[in-house]
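Reviewing the structure listed below.
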Amino acid sequence: VQLQAYGGGLVQPGGSLRLSCAASGITLDHYAVGWFRQAPGKEREGVSCVSNIDGAMNYSDSVKGRFIISSDKAKNMAYLQMNSLKPEDTAVYYCAVDQSSFPRSCLRGNHHGMDYWGKGTLVTVSS
């Protein structure tokens, strides 16, 4: 199983970025996919999750209303559209898969319970 997050970069405050997560060796449509981030000196935190099992979604309070998670069954990919970016969104972003039939870890933003991780992509929000 391989996951690869990409699409990060440098963006000004208020700008937008779309992160993509490409999967191989696993069918994302069968599981929950989450986005997590880790800022320097901080613990990894859950940003958003979509369960492709039942369509459930969640967002952390810090990104609710600004970020949108989605997935593309045909392309076996997941996305995170990030709008109205703030300097505090600066972090390395990771995509991960929760293989549980009841993906509580993903939906609760608990990185300890995720099964597969991709390499991260750096998002820097700065003027």
Side-chain angles (χ1 to χ4, degrees):
V1 175
Q2 288 191 328
L3 301 173
Q4 178 65 59
Y6 58 93
L10 174 63
V11 63
Q12 292 188 339
S16 298
L17 278 177
R18 189 176 83 151
L19 303 184
S20 300
C21 176
S24 60
I26 190 169
T27 302
L28 296 182
D29 195 47
H30 296 169
Y31 306 110
V33 182
W35 287 94
F36 296 76
R37 67 186 182 187
Q38 189 164 17
K42 294 188 177 182
E43 188 173 353
R44 192 169 297 189
E45 63 172 348
V47 174
S48 183
C49 173
V50 57
S51 170
N52 291 315
I53 300 170
D54 61 4
M57 293 183 185
N58 88 309
Y59 296 90
S60 67
D61 288 342
S62 60
V63 307
K64 201 170 292 182
R66 300 189 296 123
F67 290 11
I68 301 171
I69 192 170
S70 61
S71 61
D72 187 322
K73 180 192 304 186
K75 294 182 179 179
N76 203 30
M77 293 191 62
Y79 305 96
L80 186 68
Q81 177 67 42
M82 305 187 297
N83 302 318
S84 302
L85 283 161
K86 304 175 181 180
E88 50 263 45
D89 295 319
T90 295
V92 177
Y93 284 72
Y94 302 86
C95 60
V97 170
D98 183 342
Q99 282 194 303
S100 172
S101 298
F102 301 95
R104 295 185 184 89
S105 292
C106 187
L107 291 171
R108 293 176 179 175
N110 180 2
H111 64 92
H112 295 293
M114 303 302 287
D115 296 296
Y116 298 105
W117 289 89
K119 293 182 179 179
T121 184
L122 176 62
V123 173
T124 303
V125 184
S126 175
S127 55

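The basis for the numbers below is simple: all heavy atoms, side chains too, and nothing from hydrogens, waters or symmetry mates. Positions are given from 1 along the sequence. As the structure is a prediction and not an experimental result, all values here were calculated from the model.
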Does K64 come within less than 4.0 Å of D61, counting only side-chain N to carboxylate O? yes
Using the ring pair (Phe, Tyr, Trp, His ring centres under 6.0 Å) rule, collect all pairs that involve residues 62-105, keeping only residues at least two apart or in two chains. none
Could you state whether Y6 and M82 fall into the same hydrophobic cluster, counting links through intermediate Ile, Leu, Val, Met, Phe, Trp or Tyr residues with side-chain heavy atoms under 4.5 angstrom apart? no
Do the side chains of M57 and I69 get nearer than 4.5 Å, heavy atoms only? yes
Quick check: closest heavy atoms across A91 and A39, and the distance to 0.1 Å? CB-N, 3.8 Å
By side chain to side chain donor-acceptor pair (under 3.5 Å), Q81 pairs with (sequence neighbours left out) N83
Got a sec, which pairs hit salt bridge (charged side-chain N to carboxylate O under 4.0 Å, His left out) with one end in residues 92-106, sequence neighbours left out? none
Linking I/L/V/M/F/W/Y whenever any side-chain heavy atoms sit under 4.5 Å apart, do V47 and V92 land together? no
All heavy atoms of W35 vs all of C21, minimum pair found to be CZ2-CB, 3.6 Å
If you round to the nearest 0.5 Å, how far is CZ of F36 from CG of L80? 11.5 Å
Under 4.5 Å between side-chain heavy atoms, hopping through other hydrophobics if needed: is there a path connecting V63 to L85? yes
Any pair with a residue in residues 42-83 that passes disulfide (SG to SG under 2.5 Å), sequence neighbours left out, goes on the list, sorted by first then second residue, please. C49-C106
Interatomic distance, CG@D72 vs CE@M77, rounded to 0.5 Å, equals 8.0 Å
In this structure, CG of D115 is separated from OG of S100 (nearest 0.5 Å) by 8.0 Å
Check the hydrophobic clustering (I, L, V, M, F, W, Y; side-chain heavy atoms under 4.5 Å; chains of links allowed) and say if Y59 and L17 are grouped together. yes
Can you list, by chain and residue number, the hydrophobic cluster partners of I53 when the side-chain cut-off is 4.5 Å? none
Kindly work out whether a path of hydrophobic side-chain contacts (I/L/V/M/F/W/Y, heavy atoms less than 4.5 Å apart) joins L19 to I68. yes
Pairwise salt bridge (charged side-chain N to carboxylate O under 4.0 Å, His left out) hits with a residue in residues 44-57, at least two apart: R37-E45
Indicate the atoms forming the closest heavy-atom contact of G113 with S105, along with that distance. CA-OG, 3.2 Å
If the condition is side chain to side chain donor-acceptor pair (under 3.5 Å), which residues does S71 pass it with, not counting sequence neighbours? N52
Holding to side-chain contact (heavy atoms from CB on, under 4.5 Å), I want the full list of residues that pass it with S84, two or more places apart in sequence or in another chain. R66
Residues which pass side-chain contact (heavy atoms from CB on, under 4.5 Å) with E43, listed by chain and number, not counting sequence neighbours: H111, H112
Of all pairs that satisfy side-chain hydrogen bond (donor to acceptor under 3.5 Å, both in side chains), the ones with a partner from residues 23-33, not counting sequence neighbours: none
Please round to the nearest 0.5 Å and tell me the distance separating atom CD of Q4 and atom OG of S20. 10.5 Å
Can you sort out the partners of A23 under side-chain contact (heavy atoms from CB on, under 4.5 Å), two or more places apart, ordered by chain and number? L3, I26, L28, N76
Side-chain donor-acceptor pairs of residues 119-126 under 3.5 Å, sequence neighbours excluded:
residue	atom	partner	partner atom	Å
T121	OG1	G8	N	3.0

